Structure formats: structure tokens, C-alpha cells
Amino acid sequence: MAGRSGDRAGRGVRVAVLATAQLDVAKTSSANADMQNSEIQRITNWLIDGARSSGAPSEMIAEVCEHLVEAGLPLWRFGIFIRTLHPEIFGRNFIWREGQKVEIGTVDFKILDTPEFARSPLRIVFEEGLEVRGRMDDPDSKRFPFLDDMRAEGVTDYFAMPMPYLDGSIHATSWVTRRPGGFSEDDIAAIRTLVAPLARVSEIISLRRTAEMLLDTYVGNRAGARILGGQIRRGHNDTMQAAIWLSDLRGFTALSDRLPAETVVEILNHYFDCQVTAIRGHGGEVLKFMGDGLLAVFPIDEYVGDTAHVCTRVLEAARESRASVEALAFPVGDVIERFRFGVALHVGTILYGNIGGGNRLDFTCIGPAVNLAARMEKIAGRLGRTVVASEGFANVCQHDWRDLGDFPIAGFSKAQRVYGLAEETPVVMA
């Protein structure tokens, strides 16, 4: 009897010890959960406050992910996918992996037509605004080929959810872990808590970037930076030393008369591509498209080089554009259309800033130097020249120039000497 009593007593002690241990585990788990919730709340508050301690968006993303890992979220990979308001770029993506720098990429609109996107979990997020869960041990995850790549990297769980902006647009985030068993329900709840404040910060950053991109697209990067910097009132103008580029397409009026308007627009887009790439590649800024005309400036300051250096780059851009336009062949029915253009190059002081009436302003440049370039472009057409330069430009740009003579120009008190490239053979168009 005593032995049985001892056994019962021993079992009782063991049960008590086990119960105590389970209670301790529960308390520890509860304490860990409380600590994680507290840290998640701290990260949430930091995002709500604008993530001020971070700089660039990539730094903000890295800081969020690193803090989440420290808080106990088993995050191995995080992605944020932002749709953009841009004529060529569908969206940007930021990918963080544990122990690595954030990778930044862009995708164009062609991705929408790819089979990869059609079978991507992000398509469901973007188009339907739904969450997508992909546990690697769930056979249903096989419907997403992307998850096969994740599975090969040891991933156990994938969670994508929409990140709606206040304007109604849907963006996306993805959360990936390699922890055995995947994300817990507490982990998923923490992620859902974070997405709303993350969306607000992301939207603010995206709005700023969208404004910059739209200004770059429509007024040029230098003008865009000034407008965002507060130069938005009429009279905000600066003088600037610059090389000036003014060009137009030869025979454009006749071309417009015999071809449909849609075809003319397409031709113009290809034609302007021939110039804009070269202009921007050599430090210039396109200010304005005027029908078939193009106005660009190449600022001269201590950051880009002296006048001779800048003008040399301008001439290189003109020669590249000439070659591109000459190579441009546009089929219209059974006919292949070929093109020629003319460009006048000058260097001088311009007034650069806000000009307009009422609440409709244009950020552009004016001044006698611009007027002279415009008049010289017409002279280039009469002489059948592609590239002509003013005396001031030719004097600072070392090249084999040919003196084309003095020409009276309306609005100028004396005739202006014009130069052409010795390598060019004049072609007078009928």
C-alpha cells in the first residue's frame, strides 16, 4: 500500500511539474506575444508619423522589415508593388530579403500581356483586390508557377494582400517566410495591421514621385524641379547661359495635308524620338514641342563644363539626330516615307521661368538668343542645310565650319553670320 501511495504521490508531483511547465510556456508565449504586439504597435506608430528617421523609400522598407524581424515576425522576403502614373512604366517594385539590400525595379505595360502575369498571385491582388495565401504544403499553391521558384528557395508560406490608396487605386504587398509551418494567425494579423499605415506613407511618397515624373514628362526635369521647389508664380524667372537648339521637320505641311492625322502623329512621335534621346544623352533639356518644332536648351554652368565643352556636346547631339532621322523609314501603304529636318544652334543668355496670363503659366525660355535661333532655323531650310550655327556658337565649338554668309534677320539691327558643317551637302527641297 505504501508503495502504491508513493507511486501516486510521484505521479502527482510529475503532473504538477508538467502543469507548472505548461503554465510557464503559456506565460512565456503570452509574454512574447505581448512583446511582439508592442513592437508591432511601435512600428505602426512610426509609419503613421511618416517614417521620419528613414531617407529614401528603399531605406524605409529596409528599416520596417528589419524591425519586424526583431519583433519576432518570421519574415524572409518582402515585396511592395506600386502602380505608377507614367506613359511607359506600369509600376515599380521594391524587394527586401533578409540580410540583403532592397532591390528596386520597374516594369512596363508589356507585362500585362505575359502568361507569367496572368498566372501570378499579384494579378488577383491588383485586379480583384483580394488577399492570396500560398502555403507550400497546400496543393492549391501549384496554380501559381511563381511559387515553384519560392518553394525551391525553401519558402514555406506566401501571403499577398492589397494595399489600397485613398484615390481607390490598388497596389500590392507580398510577405514570405521560410519558417517551418509558415506564418501563424498572429503573424497574419500583424501584417494586416501594418498594411494601412504602410499604404499611407507609400502613397505620400508615390504622390511626390508622380508629381516629379509628370513634371519631367511635360515640362522637363530642370523646370520640374524648380516648380516643385516653389517657383510657381508669374515673374519667377532667372537668367541662364545656355546653348539653344531649335529644330523642325522639313515638308511637314505637305505631309500633314496628304496623310491621315493619326499617321502624322505617329510619324512625329518617331521623329521626336530621334532627337530627344540624343538631346538628353548629351545633357540637354527639351522645353517644348511646337507642332513639328522642338526647343531645347543645354545649360552652361560649373557642374556641366564650360561653354566650349557644352557646345561640343550639342553638336554631337545634332549629328546623332541627323543620322537617326536619315535612317527613319516609315511605311505608308506601298510607300516608304523618308524625312529630313533642320536644326539651328546658338549660345547666349536666356530668361528662364514662368511666363503666362492669369492662372495659366508656362515654364519656358525667351530672349533675343531664342529669337535668333528661331530665325536661323528658317535660314537652314532655305539653304537646304540640316545643321546651322550662329557665329557665337561656331567660334566656341571647334569643328570644320563653312561660312555661309551674312543674313539680315527681322528684329536685329545688323545682319547675322551663319555657319554650316563643311561635311554637309546642301539639299534644297522642292
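Heavy-atom basis, side chains included; hydrogens, waters and symmetry copies ignored. What you are looking at is a predicted structure, and each value in this text was computed from that prediction instead of being measured.
Residue F183 holds its CZ atom at 5.0 Å from OG1 of T177, rounded to the nearest 0.5 Å. Atom CG in L75 sits 12.0 Å away from atom CD in E70 (nearest 0.5 Å). Here the straight-line distance linking atom CD of E103 with atom CZ of F94 works out to 12.0 Å at 0.5 Å rounding. For the atom pair CZ of R200 and CE of M163, the computed distance is 8.5 Å after rounding to the nearest 0.5 Å. With values rounded to the nearest 0.5 angstrom, E63 atom CD is found 11.5 Å from S58 atom OG. Going from atom CD1 of I61 over to atom CD1 of I205 covers 7.5 Å, rounded to the nearest 0.5 Å.
Two residues are said to be in side-chain contact when any heavy atoms from C-beta on lie closer than 4.5 Å; D257 and T253 fail this criterion. Proximity of W175 to V195: side-chain heavy atoms (C-beta onward) are separated by under 4.5 Å at one or more points. In this structure, the side chains of R151 and S141 come closer than 4.5 Å at one or more pairs of heavy atoms. The side-chain heavy atoms of D138 and R133, taken from C-beta on, include no pair separated by under 4.5 Å. Contact annotation: the side chain of I95 approaches that of F81 to within less than 4.5 Å [non-hydrogen atoms, C-beta and beyond]. Taking the side chain as every heavy atom from C-beta outward, F78 and L73 never approach each other to under 4.5 Å. Counting heavy atoms from C-beta outward, I204 and R208 have side chains that stay 4.5 Å or more apart. Put simply, the side chain of L328 does not reach to within 4.5 Å of the side chain of I267, judged on heavy atoms.
The existence of a salt bridge linking E153 and R77 is excluded, since no basic side-chain nitrogen approaches an acidic carboxylate oxygen closer than 4.0 Å. D140 has no carboxylate O lying under 4.0 Å from a charged side-chain N of R135, or vice versa, which leaves the two without a salt bridge. Salt-bridge formation is not detected for the pair E316/R313: no Lys NZ or Arg NE/NH1/NH2 atom is positioned less than 4.0 Å from an Asp or Glu carboxylate oxygen.
A donor-acceptor pair is defined here as one N or O able to donate and one able to accept, closer than 3.5 Å; no such pair exists between the side chain of R92 and the backbone of I82. Under a 3.5 Å cut-off, the side chain of Q416 and the backbone N or O of I409 do not form any donor-acceptor pair. Side chain of R385 to main chain of L421: a donor-acceptor pair is present (N/O by atom type, distance under 3.5 Å, no hydrogens or angles). Side chain of N395 to main chain of E391: a donor-acceptor pair is present (N/O by atom type, distance under 3.5 Å, no hydrogens or angles).
Applying the side chain to side chain donor-acceptor pair (under 3.5 Å) test to E424 and every residue at least two apart in sequence or in another chain returns R322. Remark: H171 engages Y165 in a ring pair (Phe, Tyr, Trp, His ring centres under 6.0 Å) (not counting sequence neighbours). Listed by chain and number, the residues in a side chain to side chain donor-acceptor pair (under 3.5 Å) with S256 amount to none (sequence neighbours excluded). In this structure, T106 has no side chain to side chain donor-acceptor pair (under 3.5 Å) partners at least two apart in sequence or on a different chain. Qualifying side chain to side chain donor-acceptor pair (under 3.5 Å) partners for R319, counting only residues two or more places apart in sequence or in other chains: E423. Residues passing the ring pair (Phe, Tyr, Trp, His ring centres under 6.0 Å) test with H67, sequence neighbours excluded: none.
Residues in residues 110-121 take part in no side-chain hydrogen bond (donor to acceptor under 3.5 Å, both in side chains) pair, two or more places apart or across chains. Within the structure, the salt bridge (charged side-chain N to carboxylate O under 4.0 Å, His left out) test picks out the following pairs touching residues 169-182 (sequence neighbours left out): R179-D187. Residue pairs satisfying the ring pair (Phe, Tyr, Trp, His ring centres under 6.0 Å) criterion with at least one member in residues 265-287, sequence neighbours excluded, are listed as follows: H270-F330, F272-F289. Pairs passing the side-chain hydrogen bond (donor to acceptor under 3.5 Å, both in side chains) check and including a residue from residues 367-378, sequence neighbours excluded, read R250-E377. Applying the ring pair (Phe, Tyr, Trp, His ring centres under 6.0 Å) test to every pair with at least one member in residues 104-132, sequence neighbours left out, gives these pairs: F90-F109. The ring pair (Phe, Tyr, Trp, His ring centres under 6.0 Å) contacts involving residues 132-156 comprise F146-Y158, where partners must be two or more places apart or lie in separate chains.
Of all heavy-atom pairs between L295 and C365, the closest is CD2-SG, 4.0 Å. Contact record, I80 with S202: CD1-OG, 4.1 Å, taken as the closest heavy-atom pair. Heavy-atom minimum distance, G129 versus I170: CA-CG2, 4.5 Å. For the pair D157 and G182, the tightest heavy-atom approach, listed with the atom from each and the gap, is CB-CA, 3.6 Å. Contact detail for G283 and F298: the closest heavy-atom pair is C-CD2, 3.9 Å. Shown here for A373 and A344, the closest heavy-atom pair between the two residues is O-CB, 3.3 Å.
There is a side-chain donor-acceptor pair under 3.5 Å between D167 and S169.
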Exercise for the section: Any chance you could lay out the side chain to side chain contact (heavy atoms under 4.5 Å, CB included) test for F341 and S321, step after step, and finish with the verdict? Expected result: CA-CA 9 Å; F341 84 119; S321 297; 3.8 Å; yes
Exercise for the section: Evaluate the criterion side chain to side chain contact (heavy atoms under 4.5 Å, CB included) for residue pair L249 and L255; output intermediate values, then yes/no. Expected result: CA-CA 10 Å; L249 180 64; L255 191 76; 4.3 Å; yes
Practice task
Evaluate the side chain to side chain contact (heavy atoms under 4.5 Å, CB included) criterion for residues V347 and V310: first the C-alpha distance (whole Å), next the side-chain angles of each, then the deciding distance (0.1 Å), finally the verdict.
Solution key: CA-CA 10 Å; V347 61; V310 171; over 6 Å; no
Practice task
Take D306 and V396 through the test side chain to side chain contact (heavy atoms under 4.5 Å, CB included) and record every step on the way to the result.
Solution key: CA-CA 10 Å; D306 60 18; V396 297; over 6 Å; no
